[in-house]
Amino acid sequence: MLKNSMNVALLLLIQLLLIAIAVQYSTADESFDVRQHLSTVSRYDIVKDISDDSFAPSQNLDQCTPIHLNLVARHGTRAPTKKRIRELEAFAARLEVLVRDVKEQKQSLDKIPAWLMVWNSPWKGKRTGGELISEGEDELYHLGIRVREQFPSLFSEEYHPAIYSIKTTQVPRASASAVAFGMGLFSGKGKLGPGGHRAFAVTSESRASDTVLRFHDCCQSYKDFRRSQEPTVKKLKEPVLDEITHELVKQYGLNFTKQDVSSLWFLCKQEASLLNITNQACSLFSPTEVSLLEWADDLELFILKGYGNSLNYRMGVPLLEDVIQSMEQAIKAKEEGYAPGSYEKARLRFAHAETLLPFSCLIGLFLEESEFELIQREQTLQYPPKPPKTRNWRGNMMAPFAGNNMLVLYSCASDNSSKYFVKVLHNERPIPIPGCNGSDSCPFEVFKERIAAPHLKHDYSALCNVNLEQKKDSAPGMFSQMFGWIFSPRNADTPAQKVEL
């Protein structure tokens with residue numbers, strides 16, 4: 001009798017434990033917001049406040065005065081491009097075929113989500129794409145308001161284009177973002193309409209020669225490098241797509257291919273970011289699968305736009321030169337006592353993820369101190385570690401829609417060891433700078449010599465017009481290393497080995 005009672009008690013205890021585990025996982029799933037895991041397709045308001053709580057912003061500039069601001073911002077949330085719209089329309093037809101195959105084989109439709117059987121692209125019939133949508137306008141408009149509120153002394157002057165220069169690429173979504181930002185920045189400063197708006201100038205260079213904001217478009221070496229690496233990136237992402245494709249086929253009974261899963265992930269990102277729909281394409285993926293797909297996107301960013309190759313960011317030296325030059329001019333104006341209204345106080349730039357990411361790399365963001373030292377010695381870094389390991393390299397925080405870097409130049413009292421400091425804000429928050437001992441601020445001369453100078457010794461023309469044939473000799477060895485990394489049994493437990501890219 002006692003033995004039976006103990007067995008019953010043990011069974012009850014096991015049931016309670018199983019229920020507790022189920023509740024824990026259910027709660028974890030409910031708290032998982034897929035919109036925070038969309039890499040560079042993330043909405044600014046969803047991810048801008050995600051930060052490293054362990055980082056304490058420095059207080060050493062409390063008695064200093066901001067005298068100049070450099071902004072490098074990505075455009076706001078945009079619609080799918082024309083090419084992507086056509087892909088989504090084709091995918092709707094593909095889903096019809098998959099469902100029809102199940103019906104023709106007289107299999108049960110119970111496992112297939114109802115939305116999937118009737119889905120049509122929300123952008124069906126659109127002839128144009130890629131434009132800034134209303135949410136994107138809102139992101140930049142309110143960013144402009146917040147920047148003015150954060151630095152009132154910098155934006156107290158009467159507007160003049162020589163004091164507040166606004167530059168953008170010739171891509172409409174970038175120029176529209178500049179306009180939305182300017183409307184927020186200068187709201188209430190003019191006499192136009194009920195909002196007290198005022199006119200302001202937005203300038204841009206030709207796409208063919210814009211080496212400051214569209215350096216990737218003007219760099220032939222980079223185009224060749226990217227073209228050569230895209231098959232490798234595809235191979236690196238395949239194991240993730242293989243794994244998830246197998247699970248989706250088993251779960252929903254549809255004969256998905258890897259390309260179908262890639263299209264579903266793209267659809268998930270568009271629905272969640274642009275439409276706030278998370279119960280359709282995104283619901284097909286578990287949080288673990290979303291994390292893997294996000295990592296695969298981030299890995300592609302790392303290789304093709306980030307620290308995976310020094311050319312990815314060193315082609316941005318014209319932009320870095322422009323930033324340093326603007327600071328030096330501001331220091332000269334301060335030192336020589338220029339009259340208010342006679343010198344530039346902010347240089348505001350609006351471009352793309354392909355601009356913001358390389359610029360972030362140029363100033364050494366998202367690195368550990370040891371990794372910064374490797375970059376200084378022009379050595380390659382390890383790949384971002386695979387989930388569940390944590391990583392600094394995350395597209396959702398580095399370059400979401402409307403993502404931005406602000407470099408604020410401060411003037412300090414002369415009894416400081418340095419009179420001028422640079423403070424770096426990423427998405428409006430102070431961020432550690434490995435080149436400045438992990439602080440968010442740095443003496444200007446240290447910033448210039450330790451962070452900028454190693455890059456500025458490279459000439460854009462020499463970087464972008466060199467013959468790459470000599471570099472291709474190492475490609476087979478590189479590919480072999482990558483291929484081995486993909487299928488290595490320890491890949492799930494250890495970061496990628498250093499690979500020369």
Next item on the list: Using a strict cut-off of less than 4.0 Å between a Lys/Arg side-chain nitrogen and an Asp/Glu carboxylate oxygen, indicate whether Asp440 and Arg429 qualify as a salt bridge.
Entry: no
Checklist line | Atom pair CZ/OG of Phe32 and Ser286 - distance to nearest 0.5 Å | finding: 8.0 Å
Check: Do Arg227 and Asp224 meet the salt-bridge criterion of a basic N to acidic O distance under 4.0 Å?
Finding: yes
Next item on the list: Salt-bridge test for Asp217 and Lys223: reply yes if a basic N is under 4.0 Å from a carboxylate O, no otherwise.
Entry: no
Check: Are side-chain N/O atoms of Glu344 and Ser165 paired as donor and acceptor at under 3.5 Å?
Finding: yes
Check: In Å, rounded to the nearest 0.5 Å, how long is the span from NE2 of His352 to CZ of Arg214?
Finding: 4.5 Å
Check: Less than 2.5 Å separating the SG atoms of Cys464 and Cys218?
Finding: no
Note to self: Taking Gly184's backbone N and O only, do any of them form a donor-acceptor pair with Ser187's side chain (distance below 3.5 Å, no angle check)?
What the structure shows: yes
Next item on the list: Describe, in one word, how the ring planes of Tyr159 and Tyr164 are oriented to each other, choosing from parallel (under 30°), tilted (30 to 60°) and perpendicular (over 60°).
Entry: parallel
Notebook entry, point to check: Among Lys386, Arg391, Arg394, which residue meets the salt bridge (charged side-chain N to carboxylate O under 4.0 Å, His left out) test with Asp298?
Noted result: Arg391
Notebook entry, point to check: Do the rings of His75 and Phe401 sit parallel, tilted or perpendicular, given the 30° and 60° boundaries?
Noted result: tilted
Notebook entry, point to check: Do Asn276 and Arg35 get their side chains close enough for a donor-acceptor pair, meaning under 3.5 Å?
Noted result: yes
Next item on the list: Taking the side chain as every heavy atom from C-beta outward, state whether Leu264 and Phe285 have any pair of such atoms under 4.5 Å apart.
Entry: yes
Item checked: Test salt bridge (charged side-chain N to carboxylate O under 4.0 Å, His left out) applied to Glu131 and Arg78, Lys126, Lys82, the passing residue -> Lys126
Note to self: Using a 3.5 Å distance criterion without hydrogens, assess whether the side chain of Arg349 forms a donor-acceptor pair with backbone atoms of Lys167.
What the structure shows: no
Note to self: Once you measure the plane-to-plane angle for Trp115 and Trp119, does it fall in the parallel (<30°), tilted (30-60°) or perpendicular (>60°) bin?
What the structure shows: perpendicular
Next item on the list: Begin with the C-alpha distance, continue with both residues' side-chain angles, and end with the deciding distance and a verdict on side-chain hydrogen bond (donor to acceptor under 3.5 Å, both in side chains) for Glu87 and Ser263.
Entry: CA-CA 8 Å; Glu87 288 178 11; Ser263 296; over 6 Å; no
Notebook entry, point to check: Under 4.0 Å between a Lys/Arg side-chain N and an Asp/Glu carboxylate O for Glu139 and Arg74?
Noted result: no
Check: Do His426 and Ser360 get their side chains close enough for a donor-acceptor pair, meaning under 3.5 Å?
Finding: no
Margin query: Determine whether Asn312 and Arg226 satisfy the following criterion, side-chain hydrogen bond (donor to acceptor under 3.5 Å, both in side chains), listing intermediate values before the conclusion.
Written below: CA-CA 9 Å; Asn312 292 345; Arg226 179 164 180 158; over 6 Å; no
Check: Are the aromatic ring centres of His68 and Tyr343 under 6.0 angstrom apart?
Finding: no
Check: Are any non-hydrogen side-chain atoms of Asn404 and Val147 less than 4.5 angstrom apart?
Finding: no
Notebook entry, point to check: Salt bridge check: are Arg43 and Glu135 linked by an N-O gap of less than 4.0 Å?
Noted result: no
Next item on the list: Verify, without hydrogens or angle tests, whether Lys345 (side chain) and Ser153 (backbone) share a donor-acceptor contact under 3.5 angstrom.
Entry: yes
Check: Is it the case that Asp260 and Thr257 place a side-chain donor and acceptor less than 3.5 Å from each other?
Finding: yes
Note to self: Strictly distance-based, threshold 3.5 Å: is any side-chain N or O of Asn437 a donor or acceptor partner for the main-chain N or O of Ser439?
What the structure shows: no
